[in-house]
Amino acid sequence: DSREVMSLFKNTDALGVTPADIRGCPLGCLGIPEFGTDFAMQMLIDANPTSFSDLVRISGLSHGTDVWLGNAQDLIKSGTATITTCICTRDDIMIYLINKGLEHGQAFTIMESVRKGKGLTPDMEEDMRACNVPDWYIESCKKIKYMFPKAHAAAYVMMGLRVAWFKVHEPLAYYASYFSIRATAFDYEIMCQGRERLEYYINDYNRRKNELSDKEKNTLDDMHLVQEMYARGFGFCKIDIYRSKATRFQIVDGKLMPAFSSIDGLGDKAAELIEDEASKGEFLSQEDFKTRCKVSANTVETMDRLGLFGDLPHSNQISLMDFL
């Protein structure tokens, strides 16, 4: 189990897909807290972690200021240091200096100065050189503006690994939770109409990448996780006006049933009202749905176009033709 979960941070094998299936994402940690951003994934590629300890160190690097870019990243790429020897959290400095022979109090003082971005005094440098601390380590200390504590990094990684376990072993539960809680711009019409339609929109968004609005950028992020879900062989079922929930995705017959809030233009409050009204009894018509749920005509039109009303008539009125 642990090996499969750890592999998410190195490749996509544990998901049963290849990078070609989820273009632009060579790792399996998309959607994992702390490790799912482009920045964090590039760190994982550069650092090549092999253990829980390495992930803690990467978490420390990602939360520091002037710790990774222009510092540890360059040292690792040049072969001067590795993920296990470069400075990643504030605790690393004190422990390293004590092991090199520095007096404990001075090691603590140096750590505090570096982690607050105050650099090193000449006396500190002298003490470090006297204990054979290498020049690259001293220069790295001078560049740092802020360092993350190791305990916080460890807590973040433990949380991320718990989520990663569900992504590997309970995928539908993972995707249902992610889309319900973390997805910020999930769009039912774009993402839930099948893999081909999703690919069309991903290509369209990528062509316009430099001119996307903030909302479209968030939608593209969500599309990538949906793309991964499709690649793993999972899919969506249609929203049911009587069974769907306001903001929570559900597992129904081996598929995900999206929430009402995933319909573009439908906010959480309106989605909650729909769920509440549906629990009170069937709708007589689309007109009745609009009146009881207090949604806009555009929303009703969108839902009708997507086939979410089934054979529900447009109006409460009965035509004489119905009796002929």
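Predicted model, so just to flag it, every value in this text is computed and none were measured.
Inter-residue side-chain proximity for Leu308 and Lys238 is flagged as met; some heavy-atom pair is nearer than 4.5 Å. Under the 4.5 Å side-chain criterion, counting only non-hydrogen atoms from C-beta, Ile87 is not in contact with Val114. A heavy-atom distance below 4.5 Å is found between the side chains of Met43 and Ser62. Tyr178 has its side chain out of reach of Lys167: every pair of non-hydrogen atoms, C-beta onward, lies at least 4.5 Å apart. Looking at Glu301 and Asp304, their side chains never come closer than 4.5 Å, going by heavy atoms from C-beta outward. At least one side-chain heavy atom of Met303 sits less than 4.5 Å from a side-chain heavy atom of Ile263. Residues Leu220 and Lys209 meet the side-chain proximity criterion, which asks for heavy atoms closer than 4.5 Å. Proximity of Tyr175 to Val226: side-chain heavy atoms (C-beta onward) are nowhere separated by under 4.5 Å.
A side chain to side chain contact (heavy atoms under 4.5 Å, CB included) with Pro49 holds for exactly one of Thr84, Val56, Ile58; it is Ile58. None of Asp74, Asn71, Asp135, Thr80 except one satisfies the side chain to side chain donor-acceptor pair (under 3.5 Å) rule with Ser140; the exception is Asn71. When the options Val157, Leu8, Leu27 are evaluated for a side chain to side chain contact (heavy atoms under 4.5 Å, CB included) with Phe35, the one that passes is Val157.
Using modelled atom types and a 3.5 Å distance limit, the side chains of Gln42 and Asp46 yield a donor-acceptor pair. Using modelled atom types, one finds a donor on one side chain and an acceptor on the other under 3.5 Å when comparing Thr18 with Asp21. Asp92 and Thr89 form a side-chain donor-acceptor contact under 3.5 Å, judged by distance and modelled atom types alone.
Annotation: the span from Asp54 atom CG to Cys88 atom SG amounts to 8.5 Å, rounded to 0.5 Å.
Look at Lys142 and Glu125 and you find a salt bridge, because one of the NZ, NE, NH1 or NH2 atoms lies within 4.0 Å of a carboxylate O, short of that distance. Ion pair Glu287/Lys290 not flagged as a salt bridge, since none of the NZ, NE, NH1 or NH2 atoms sits closer than 4.0 Å to an Asp/Glu carboxylate oxygen. Using a cut-off of 4.0 Å between Lys/Arg side-chain N and Asp/Glu carboxylate O, Asp276 and Lys280 are scored as salt-bridged. Salt bridge annotation for Lys215-Asp264: present, with a cationic side-chain nitrogen under 4.0 angstrom from a carboxylate oxygen.
Ser213 contributes a side-chain N or O that, together with a main-chain N or O of Glu216, makes up a donor-acceptor pair within less than 3.5 Å. Side chain of Thr85 to backbone of Ala81: no donor-acceptor contact under 3.5 angstrom is found. Of the possible polar contacts, one joining the Asp222 side chain to the Ala185 backbone as a donor-acceptor pair under 3.5 Å is found. Remark: side-chain polar atoms of Glu277 are not paired, donor with acceptor, to backbone N or O of Cys293 under 3.5 angstrom. Using modelled atom types, one side-chain atom of Gln250 and one backbone atom of Arg243 make a donor-acceptor pair closer than 3.5 Å. In this structure, the side chain of Asn203 engages the main chain of Glu199 through a donor-acceptor pair within 3.5 Å. Looking at Ser113, its side chain does come within 3.5 Å of a backbone N or O of Gly119 through a donor-acceptor pair. A donor-acceptor pair under 3.5 Å is formed between the side chain of Tyr174 and the backbone N or O of Gly31. Checked by atom type and distance alone, the side chain of Ser244 pairs as donor or acceptor with a backbone atom of Asp240 at under 3.5 Å. Although no hydrogens or angles enter the test, the distance criterion places no donor-acceptor pair under 3.5 Å between the side chain of Tyr242 and the main chain of Glu282.
Cluster partners of Met257, by chain and number: Val252. The rule joins Ile, Leu, Val, Met, Phe, Trp and Tyr whenever side-chain heavy atoms lie under 4.5 Å apart.
For Phe52, the CZ atom sits in a packed shell: over 12 heavy atoms of surrounding residues, nucleotides or ligands are nearer than 6.0 Å. Enclosure of atom CZ in Phe166 is not indicated, since only 12 or fewer non-hydrogen atoms of other residues, nucleotides or ligands lie within 6.0 angstrom. Residue Arg182 qualifies as open at atom CZ: its count of foreign heavy atoms under 6.0 Å is 12 or below. Shown here is Met158, whose CE atom has no more than 12 heavy atoms of other residues, nucleotides or ligands within 6.0 Å.
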Q) Could you go step by step and tell me if Met6 and Arg3 meet the side-chain contact (heavy atoms from CB on, under 4.5 Å) rule? A) CA-CA 5 Å; Met6 274 298 301; Arg3 285 194 298 270; 5.7 Å; no
### Task
Verify side-chain contact (heavy atoms from CB on, under 4.5 Å) between Glu189 and Arg197, making sure each step is shown before the conclusion.
CA-CA 9 Å; Glu189 185 169 2; Arg197 189 175 181 85; 3.8 Å; yes
(request) Please assess Tyr137 against Ile93 for the test side-chain contact (heavy atoms from CB on, under 4.5 Å), listing each intermediate value before the final yes or no. (result) CA-CA 10 Å; Tyr137 196 97; Ile93 299 172; 4.1 Å; yes
Candidate pair Phe236 and Phe249, rule side-chain contact (heavy atoms from CB on, under 4.5 Å), full reasoning:
CA-CA 10 Å; Phe236 298 96; Phe249 284 61; 4.1 Å; yes
Please tabulate, one pair per line, all N/O donor-acceptor pairs under 3.5 Å involving side-chain atoms of residues 143-155, not counting sequence neighbours.
residue: Lys143; atom: NZ; partner: Gly70; partner atom: O; Å: 3.3
residue: Lys145; atom: NZ; partner: Lys143; partner atom: O; Å: 3.3

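Annotation: cation-pi geometry satisfied between Arg208 and Tyr205 (NZ/CZ under 6.0 angstrom from ring centroid, within 45° of ring axis).
Tracing side-chain contacts under 4.5 Å through hydrophobic residues (I, L, V, M, F, W, Y), one never reaches Phe283 starting from Leu273; they form parts of separate clusters. Ile239 and Ile251 are not part of a single hydrophobic cluster, where members link through side-chain heavy atoms under 4.5 Å apart.
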